[in-house]
Amino acid sequence: MQDPILLSAPDVGEVEERHVLRAIRSGWVAPAGPDLAAFESAIAERVGVPHAVALSSGTAALHLALVSWGVGRGDVVPVSTLTFAATVNAIRYVGAEPHFVDCEVETGNISPELLERALVALRAAGRSVPVVVPVDLLGKVADHDALREVAGDARWLWDAAESFGASYRGRPAGSLGDAAVLSFNGNKIMTTSGGGMLLTRDGELAAHVRKLSTQAREPVAHYEHTEIGYNYRLSNILAALGMAQLSRLDAMLERRRTWRERYRSLFANVAGVRILGGSSDDEDNCWLTAVVVDPATSGWHARELGERMATLGVETRPVWKPMHRQPVFQKFGATLDGSSDRLFAEGLCLPSGSGMDDRTFDRLESSLRAALAEVGASVA
């Protein structure tokens with residue numbers, strides 16, 4: 001029996017093994033050490049910002065940025081509705097209210113037009129809007145310049161969890177906004193098993209986040225605490241894994257872009273199907289390739305394709321269920337036009353991992369052609 005083809009499995013091997021073993025043998029196994037410092041420095045240099053703080057998750061980075069900025073009860077935080085729950089959970093951790101903003105149907109990223117509408121309405125109602133949280137969906141950076149035009153004086157906390165290695169008009173993902181967040185979860189472009197990072201040009205913010213992440217201990221000989229802290233620092237061992245992954249990042253990005261090209265070629269002549277993200281992949285990291293199926297044109301639904309692929313041992317997943325549809329968040333405000341609901345209904349993420357080899361993708365493509373035939377699609 002063949003192994004299942006997963007959506008985005010970790011891509012680790014001998015290079016990672018050597019780095020982690022060296023870190024263990026060094027004795028630096030705590031959330032401090034030379035690999036941790038080197039990892040922060042290397043990511044900051046790659047992205048082009050002066051400050052990076054390695055943390056236990058991207059969620060932790062979002063949380064500590066909001067804490068450091070004093071965001072809390074009574075504040076409203078406009079946020080992409082088409083995202084993973086972690087983005088919104090961090091807003092709720094500090095007691096603020098999310099306000100969900102719908103997306104551009106072509107990319108799935110937050111709509112500048114709808115964000116402007118939301119900000120005007122919230123401010124007219126006298127609400128405090130200290131920060132906006134856009135999200136880069138599936139590896140494509142949101143439209144920074146258009147968003148900045150409508151933001152006013154709100155800070156930007158950029159959720160780049162899915163877009164490390166991508167860029168926006170030549171500017172690396174993670175370099176945009178007042179602060180940005182990366183994720184190194186096991187399914188991301190590169191992984192530290194679990195982990196994340198805060199990136200910023202604000203030295204005071206970076207220092208405060210670093211302090212909060214180690215239980216907010218004051219710099220004195222005894223244990224002294226003047227504010228609530230958290231146990232959010234990344235370990236030196238996981239940072240060593242991150243350094244190994246970073247040394248292979250460009251090759252891993254290239255692999256995912258190869259899969260995107262092959263998907264584009266396959267679906268080019270399938271009626272009613274497009275690649276989510278638009279026609280150009282030039283600045284994407286191609287973390288996940290998703291197709292959008294218009295059933296009125298195709299004659300079949302995305303979920304049917306996913307069901308057929310599952311029987312063939314291939315993992316797929318619907319595009320994120322919008323946060324305004326999640327039971328836990330339904331009481332909060334939203335500015336919507338139906339685009340995210342449509343993408344949830346019509347979108348399907350396909351296996352995109354850099355750990356696949358050509359033979360595995362050939363098998364994947366054969367399975368996909370068979371599944372398309374079963375749902376009634378014709379592939380030229």
query = Backbone N or O of T83 within a donor-acceptor pair of the T87 side chain at under 3.5 Å?
reply = no

message = For A142, is there any backbone N or O sitting under 3.5 Å from a side-chain donor or acceptor partner on D136?
response = yes

query = Taking the six-membered ring for Trp, are W320 and F344 ring centroids under 6.0 Å apart?
reply = no

inquiry  = Using the ring centroid of each side chain, check whether H144 and W158 are separated by less than 6.0 Å.
reply    = yes

query = When rounded to the nearest 0.5 angstrom, what is the spacing between NE2 in H19 and CD1 in I24?
reply = 13.5 Å

message = Could you measure the distance from the OH atom of Y230 to the CG atom of L64? Nearest 0.5 Å is fine.
response = 7.0 Å

Please tell me if the side chains of [X] and [Y] come closer than 4.5 Å, counting only heavy atoms from C-beta onward.
X	Y	answer
F332	M323	no
L253	I189	yes
V79	V132	no
L176	W156	no

Side-chain donor-acceptor pair under 3.5 Å between [X] and [Y], yes or no?
X	Y	result
H324	D341	yes
R256	T289	no
S354	D11	yes

Could you check whether [X] pairs with [Y] (Lys NZ or Arg NE/NH1/NH2 to Asp/Glu carboxylate O, under 4.0 Å)?
X	Y	value
R342	E104	no
D281	R257	no
D102	R117	no

Do any side-chain atoms of residues 194-208 form donor-acceptor pairs under 3.5 angstrom with protein atoms, and if so which ones, sequence neighbours left out?
unit_1, atom_1, unit_2, atom_2, d
T200, OG1, D178, O, 2.8
T200, OG1, D202, N, 3.0
R201, NH1, S175, O, 2.8
D202, OD1, E204, N, 3.0
D202, OD1, L205, N, 3.1
H208, ND1, S68, OG, 2.9
H208, NE2, E227, OE1, 3.0
H208, NE2, E227, OE2, 3.1

May I have the list of side-chain donor-acceptor pairs in residues 306-316 shorter than 3.5 Å, sequence neighbours left out?
unit_1, atom_1, unit_2, atom_2, d
R308, NE, E374, OE1, 3.4
T311, OG1, R308, O, 2.6
E315, OE1, L7, N, 2.7

request  = Kindly confirm or rule out a cation-pi arrangement of R274 over F267, judged by NZ or CZ under 6.0 Å from the six-membered ring centre and within 45° of its axis?
outcome  = no

ask   = Is F184 reachable from L138 through a run of hydrophobic residues whose side-chain heavy atoms are each under 4.5 Å from the next?
value = yes

inquiry  = By the ring-ring contact (aromatic ring centres under 6.0 Å, His included) test, which pairs, at least two apart or in different chains, include something from residues 285-308?
reply    = none

task = Any chance you could lay out the side chain to side chain donor-acceptor pair (under 3.5 Å) test for S128 and D75, step after step, and finish with the verdict?
result = CA-CA 5 Å; S128 168; D75 292 327; 2.7 Å; yes

ask   = Q2 and R363: side chain to side chain donor-acceptor pair (under 3.5 Å), yes or no, with the steps?
value = CA-CA 10 Å; Q2 292 179 306; R363 177 189 148 206; 3.3 Å; yes

request  = Take E218 and T226, measure what side chain to side chain donor-acceptor pair (under 3.5 Å) needs, and give me the verdict at the end.
outcome  = CA-CA 7 Å; E218 295 295 324; T226 61; 2.7 Å; yes

